[in-house]
Each structure stands twice: as structure tokens, then as C-alpha cells.
Amino acid sequence: MQIATWNVNSIRTRQEIVINWLNNNPVDVLCLQETKVRDEQFPLAPFQEIGYHVSISGQKAYNGVAIFSRQPLQDLSMGFSPILGEDLVGDYDEQKRVISGVVDNVRIVNLYVPNGSAIDSDKYVYKLGWLDLLKQYLEKLQAEQSLEICICGDFNIALEDKDIHNPKGKAKHVMSSPPEREALSHILDLGFQDVFRKFISEEGHYSWWDYRSGGFARNRGWRIDHHYFTSNLYQQATKCWIDSEPRKLEKPSDHAPVIVEY
DNA sequence: ATGGCGAATGCAATTCGA
């Protein structure tokens, strides 16, 4: 089984690149973030024609998540509300950042974690509140079911300094500030492990490079797209890698796909 | 320290991303 995650930064703009990538990398599941399209405008047909079931949760212009899967997803759910209830979730499901389903007895949770904009901004506060809600969501999910879980997506957090090309100033930088790292660590304490770091411990491996200032050409990147597995699934993992090839194409997403195999 | 680039909206310039 191969599960990939990829922030495509607009599925309509990246349609050909994603189709070509799937033809060359026929993964069982592809989790997408930043589809940036209303559900009624999502280009379903091109992906269905190459053999994928398409599950989507989108909105106009921003955010948006989707799961492409060879098998139909079971127990599909969008947002936090189906698990946590609307009273607790409040407005947090207005931004489409969570989609989940079961494939082959593994629950997949595909996430687009808020960016946070800048330390101490309203969006940063929103990000920390969202991460607290995610922790409660996963806790309740684990209490209600016994399936192994794969959380993956764009976390917009680099947990370790070696996940950043230049960690100088990290404490005041969104994506690497101590409160964000603590929030993600508390989530991982529920029993999740970083699959990429099972296989590769060295620095210099990134999944996102800024469009500006030649970030990719200089390999000035961040590793912020992750797969976290519960322990039995983690034990079964055989591979995890970042495919930076699509980042070299014309009009690329600023993120590269990350793939796990188990 | 600042801005760089790219996408969506909607048709110019602004918002947002990371």
C-alpha cells in the first residue's frame, strides 16, 4: 500500500501535473491539500478516468482537501464536527481543512493545518486553537474505534531544526515557534510517529520551497508535509520518501509529494 | 528588515500563502 500527500496549490492549475504524476506513480491513495475550488467546480472526471475514486471537501479560493483512492473510501467524514460535535467545533469547520476515510482497515486523516501568518497574529491564535481541536478530534477517534490511523498532510510545522534549511530565527518564525512545536508534540503523544524519520535521520530533506528568491534552486526549504502513523502501522512501514521531481516542472506547486509504503 | 512569487477573484488591485 502506498499513501501520498501533496499540497498542490490549486487542483485546477495543477491538474495536468497531478495526472502525469499519478500515471508515473500509481499510488493507492493520494491526499491533497489547497485544492482551492468549490466542490461543484472540482475537476472530478480526469482523475476518475485514470482509476481513482475522488472524495472532496472544498470552498471558494482558499483551503480545500481531497482524497483520491483506488478503492472507495469507507466511513467518509469532513471537518471536525462529525466526531466532536458542532457546539465544540464552532466556526472551525468553515475552513475546509479536514477529510477522513477508511481504506483497507486503516483510517486516513488528511489535514491542511492553518499557516498562522505571523507570530501573535489572529491567524496564529487560530492555528493554535485549531491544533488543540485536532488533538481532541484524534483522542475521540482513538476512543471510538480500534483501527490503525495514518494522519497526513500539510502541517505547516517543522518539528526539528534539521527540518529547516536555516533555523536561525526559528523561535519567532511561524511554522517553527515553540508553541506550534509543542502543540504538534502533544498530538504525537497520543501515539503517533513520523514515518519519514523511521528511514532518514539526516538534515536537508524538504517538502516545501518558497517560490521567491530561488528557494528550490538553492534547496532552501522546509519539511512541513508529514505522515504520522499509530504504532502497529509504523512498524509495518517499509519506505517513505519525498519526490522533488514535480517541483522542477514549469508552473509547479511550491510543495513536493511525500509517499509512504507499508 | 524588506520583498521576492504565485493563485484566486474578477478585471485592477488586493488577499493569502509559508
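Each chain gets a letter, A, B and so on, in the order the sequences are listed, and its residues count up from 1.
Protein atom CZ of A:R212 is 12 Å distant from nucleotide atom P of B:dG17, rounded to whole Å. The CG atom of A:L249 sits 16 Å away from the C1' atom of B:dG6 (whole-angstrom rounding). Nucleotide B:dT9 holds its P atom 9 Å from the NZ atom of A:K36, rounded to whole Å. The separation between A:Y62 atom OH and B:dT15 atom P is 9 Å, rounded to whole Å. B:dG6 atom P lies 19 Å from atom CD1 of A:I11, rounded to whole Å. Taking atom CH2 of A:W208 as the reference point, atom C1' of B:dC5 lies 11 Å away to the nearest angstrom. Rounded to whole Å, atom C1' of B:dT9 lies 14 Å from atom CD of A:Q59. Rounded to an integer number of Å, the gap from CZ of A:F216 to C1' of B:dG6 is 16 Å.
A donor atom on one side chain and an acceptor atom on the other are found under 3.5 Å apart for A:D93 and A:S81. Using modelled atom types, one finds a donor on one side chain and an acceptor on the other under 3.5 Å when comparing A:D132 with A:Q136. No donor-acceptor contact under 3.5 angstrom links the side chains of A:S253 and A:N9, judged on distance only.
Phosphate contact (OP1/OP2 of B:dA8, side-chain N/O of A:T13, threshold under 4.0 Å): present. Dashed line: the shortest gap from a side-chain N or O of A:S117 to OP1 or OP2 of B:dC16 is not under 4.0 Å. Proximity of A:R14 to the phosphate of B:dA7: a side-chain N or O atom is located under 4.0 Å from OP1 or OP2. Taking side-chain N and O atoms only, A:K251 has no distance below 4.0 Å to OP1 or OP2 of B:dC5.
Among the protein residues, A:S213 comes within range of the nucleic acid bases, having at least one heavy atom under 4.0 Å from a base atom. Contact annotation for A:N7: backbone-only contact, meaning every heavy-atom pair under 4.0 Å involves sugar-phosphate atoms and none involves a base. Counting any heavy atom pair closer than 4.0 Å across all strands shown, A:R220 reaches no nucleic acid atom. Counting non-hydrogen atoms under 4.0 angstrom, A:N156 reaches the backbone sugars and phosphates but no base.
Side-chain heavy atoms closer than 4.5 Å link hydrophobic residues (I, L, V, M, F, W, Y) into clusters, and following such links, possibly through other members, connects A:L188 to A:F155.
Of the options A:I149, A:L184, A:V195, a side chain to side chain contact (heavy atoms under 4.5 Å, CB included) to A:Y228 is made by A:L184 and by none of the others.
Of the two residues contacting DNA chain B, namely A:A118 and A:R12, the nearest-nucleotide position lying further toward the 5' end is that of A:R12. Map A:T35 and A:H255 each onto its nearest nucleotide of DNA chain B; the residue landing nearer the 5' end is A:T35.
Here B:dT9 is the nucleotide among B:dT15, B:dT9, B:dA7 with the atom lying nearest to any side-chain atom of A:R38. For A:Y112, counting side-chain heavy atoms from C-beta on, the closest listed nucleotide (B:dT9, B:dG17, B:dG3) is B:dG17.
Here the separation of B:dA12 from B:dA1, taken at their P atoms, is 37 Å to the nearest Å. For B:dG4 and B:dT15, the P atoms lie 16 Å apart once the distance is rounded to whole Å. On the P atoms, B:dG10 is 23 Å away from B:dG6, given to the nearest whole Å.
Note on ring orientation: taking the six-membered ring where Trp is involved, the planes of A:F68 and A:Y52 are tilted (angle from 30° to 60°).
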